[in-house]
Amino acid sequence: MGLNLYNSLTRRKEEFKPLKEGRVGIYVCGPTVYGHAHLGHAKSYVSFDVLVRYLRYLRYSVTYVQNITDVGHLTDDADEGEDKVVEAAKKEKKHPAALAEYYTRSYFEDMDKLNCVRPDISPRASGHITEQIELVKTLQEKGYAYEVNGSVYFDVSKFKDYGKLSGRSVEEMKAGARVEVSPDKRAPVDFALWKKAEPNHIMQWPSPWGMGYPGWHLECSVMSMKYLGKTIDIHGGGLENQFPHHECEIAQSEAANGVQFVRYWLHNNMVTVDGQKMGKSLNNFITLKQAFSGAHERLTKSYDPLAVRQLILNSHYRSPLDFSDAALFAAYSGYKKITETVMAVRKRMAQAAKGKTGSKAAKGKTDSKATKGEIDGKMVEELKRLREKFEAAMNDDLNTSIALSVIFELVRLANKLLEEGNATAETLNAIDVLFDRLGGEVLGIVKDEYPQAGGADDEMIDKLVKFWVEQRSEARKRGDFKLADATRAELDEIGIVLEDKPDETEWRRK
RNA sequence: GGCGGCGUGGCCAAGUGGUCUAAGGCGACGGUUUGCAAAACCGUUAUUCGGCGGUUCGAAUCCGCCCGCCGCCUCCA
């Protein structure tokens, strides 16, 4: 079975077949950079990150384009409000371009922490004004757009398929319309392609219709076309953008090009907080920086960014995710368990490797078989089963919840093996490879390398802790458990956890 | 008002006609281990899937009604 994806356009799961064999072009609606990214952004971009990663795992050559909206996104869609970036810039007393740059960097910083692979191309809307003007001209020439008072609107009545993605008819939209209609429009459903700018508007560009700026929907049509062609394989975005944003994109692109715009439309569901949608305008959002630092009243602690990632992967991308500190904490605990298991496997691998060269590790528990270089046949079967289960889950519209459960099966398998203490280096290696490929390459929650001694990069801390651990070991040898326990408690308060293993005492940060 | 979705154990969450007396994680409890812990492992923790009816040999899964919640229709990932 190949990869199946739920296509919002057809409202069912379909087998994924790219336009060109072996190659995939994917466009995802990026952020409007007028504030720090929040948990909602994380769900969306982690979801599509996993899609991109999995496509690459399946050996597709993927071109991943994700725009940065730094102009044109109005505060409301009655075509009246102010540009979001401009508005925020005023508040922060910065040039809009500086503000956009600041939050763009902030965005990438957060996404890097979430271990999202960078898009191949991150085009800025402001860098594609020329192309946007060209598209408007084309639409005008083809009779799909009309100009009124220096603004240009898309004539929805000329585009028969309008509503095919969101499943609503123009009649329905008229009936349910709550938007105040601009008097310039011929019909309420028409939307702006180009907006006339008032003289004091900071962001504006010359055009055949005078000074102005592009409508929000235009940039995605233009940039996807420029970098991926007239028909793209996959377009992703948040569910709330299905209408009107994506519907308008389809209208613009297909009216201009006369060919299908997107073959597979993918939409991720929303993040809610206490059952309420988290949105910037609702002011109930938690930014990623807050989640990572714990600086938010709803959070009880700071969280490893990958715990956030794990929380997101724990549920399906098309299901809503109701955020709570308890849920994040649970994800964090699970993430920690995976991490510690991977580290333990790698440590034992290193010991087994030493064993081969004849050091003392080979004589102990590490096993007589360690030098034989064989993998238990049963183990091979088991690992194969896990990989197949993982792939089947991912093939079924990216069921990361089940995919994660496979990682946990692997965790249990690995720990049992470590406990029995008779694993061959080859078996350990096979397990590590699976952790790397499934947990690392695809899910992005297993790292290639972890800092030594549980997270302390600082050499001095490392030495200090080792000193106390040695002092405590001496005390234990003497039978002075009172002192040993006091030392352990003291270190625990600082945030250092000690674990007495059979041959040594290990430590890690809480 | 129009359109769409959801309701699964203490919490998060997968499953969408039979393998489900329902995966996985977190938590809790008991055990192994430990000087004691921690970590790990083993075991227990939903005869039941919002409620009531119906279809079916068979339903968490399909249909109807009711209750509760959410999203879109206005900016939002």
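Note that the structure is predicted; figures quoted are calculated from it, not measured. Labels below follow one simple rule: chain letters A, B, ... track the order of the sequence lines, proteins then strands, and each chain is numbered from 1.
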For A:Lys164, enumerate each residue passing the side-chain hydrogen bond (donor to acceptor under 3.5 Å, both in side chains) test, keeping only those at least two apart in sequence or located in another chain. A:Glu254
Please tell me if A:Gln276 has a side-chain N or O lying less than 4.0 Å from either OP1 or OP2 of B:C70. yes
Please name all residues satisfying side-chain hydrogen bond (donor to acceptor under 3.5 Å, both in side chains) with A:Thr505, sequence neighbours left out, ordered by chain then number. A:Asp500
Check the distance between B:A14's P and A:Ile312's CD1 and give it to me in whole angstrom. 14 Å
Length of the CZ-P vector between A:Phe48 and B:A77, whole Å: 13 Å
Charged tip of A:Lys301 within 45° of A:Tyr303 ring normal and under 6.0 Å: yes
Write down the distance separating the P atoms in B:G53 and B:G17, rounded off to the nearest Å. 24 Å
Would you say the side-chain atoms of A:Thr341 and A:Asn415 include a donor-acceptor pair closer than 3.5 Å? yes
Using the P atom in both, what is the distance from B:A60 to B:U47, to the nearest Å? 13 Å
Nucleic acid footprint by protein, nucleotides 31-43 of chain B - heavy-atom cut-off 4.0 Å, B for base, S for sugar-phosphate alone: ----BBBBSBSS-
Would you mind classifying the nucleic acid contact of A:Val271 as base, sugar-phosphate or nothing, using non-hydrogen atoms under 4.0 angstrom? base
Whole-Å P distance, B:U8 and B:U55: 27 Å
For A:Leu404 and B:G24, give me the distance from atom CG to atom P, rounded to whole Å. 13 Å
Take atom CG of A:Asp325 and atom C1' of B:G27, then tell me their distance rounded to the nearest Å. 14 Å
May I ask you to verify if any side-chain N or O of A:Ser315 is less than 4.0 angstrom from the OP1 or OP2 atom of B:C12? no
Distance between P atoms of B:C49 and B:U19 (Å, rounded): 16 Å
Does the side chain of A:Glu249 pick up a donor-acceptor pair with the side chain of A:Ser221 at under 3.5 Å? no
Report the residues that fulfil salt bridge (Lys or Arg N to Asp or Glu O under 4.0 Å) with A:Glu499, sequence neighbours left out, ordered by chain and then residue number. A:Lys501, A:Arg508
Nearest whole Å is fine: how far is B:A77 C1' from A:Tyr34 OH? 10 Å
When the P atoms of B:C26 and B:A13 are compared, how many Å lie between them, rounded to an integer? 16 Å
Pairwise P distance, B:G2 and B:A23 [rounded to whole Å]: 40 Å
Can you list everything that forms a ring-ring contact (aromatic ring centres under 6.0 Å, His included) with A:Tyr103? Sequence neighbours excluded, please. A:His36
RNA chain B base-pair string [pairs: Watson-Crick or G-U under 3.5 Å; |: paired with another strand]: ((((((((.[[[..)..(.....]]]((((((.......))))))....[[[[[..)....]]]]])))))))....
Integer-rounded Å distance: B:C73 C1' and A:Leu165 CG: 14 Å
A:Ala327: side chain to side chain contact (heavy atoms under 4.5 Å, CB included) partners, not counting sequence neighbours: A:Leu311, A:Ser324
On a whole-Å scale, what distance lies between the P atoms belonging to B:A22 and B:A39? 29 Å
Take the protein atom CD of A:Gln242 and the nucleotide atom P of B:G5, then report the distance between them rounded to whole Å. 11 Å
What does A:Tyr45 touch in the nucleic acid at a heavy-atom separation under 4.0 angstrom: a base, only the sugar-phosphate, or nothing? sugar-phosphate
Length of the CH2-P vector between A:Trp265 and B:A77, whole Å: 15 Å
By nearest-nucleotide position on RNA chain B, the 5'-leaning member of A:Ala327 and A:Gly237 is A:Ala327
Quick one: salt bridge (Lys or Arg N to Asp or Glu O under 4.0 Å) partners of A:Lys347, sequence neighbours excluded? A:Glu504, A:Glu506
For nucleotides 15-19 of chain B, print each protein N/O atom paired with a nucleotide N/O atom at under 3.5 Å, atom names and distance only.
from  : atom 1 : to       : atom 2 : distance (Å)
B:G15 : OP1    : A:Asn399 : ND2    : 3.2

Check: A:Ser401 side chain, B:A23 base, donor-acceptor under 3.5 Å: yes
Go through the side-chain N and O atoms of A:His267 and A:Ser8 and say whether any donor and acceptor fall under 3.5 Å apart. yes
Using a heavy-atom cut-off of 4.0 Å across all strands, would you classify A:Gly40 as base, sugar-phosphate, or nothing? base
Restricting to pairs with a member in residues 305-326 of chain A, which pass salt bridge (charged side-chain N to carboxylate O under 4.0 Å, His left out), not counting sequence neighbours? A:Asp49-A:Arg309, A:Arg318-A:Asp397
Using the salt bridge (Lys or Arg N to Asp or Glu O under 4.0 Å) criterion, which residues pair with A:Lys160? Sequence neighbours excluded. none
With nearest nucleotide decided by heavy atoms, which residue, A:Thr272 or A:Asn268, maps closer to the 5′ end of RNA chain B? A:Thr272
Sorted by chain and number, sequence neighbours left out, salt bridge (Lys or Arg N to Asp or Glu O under 4.0 Å) with A:Glu14 holds for none
Quote, to the nearest angstrom, the P distance that separates B:A28 from B:C11. 15 Å
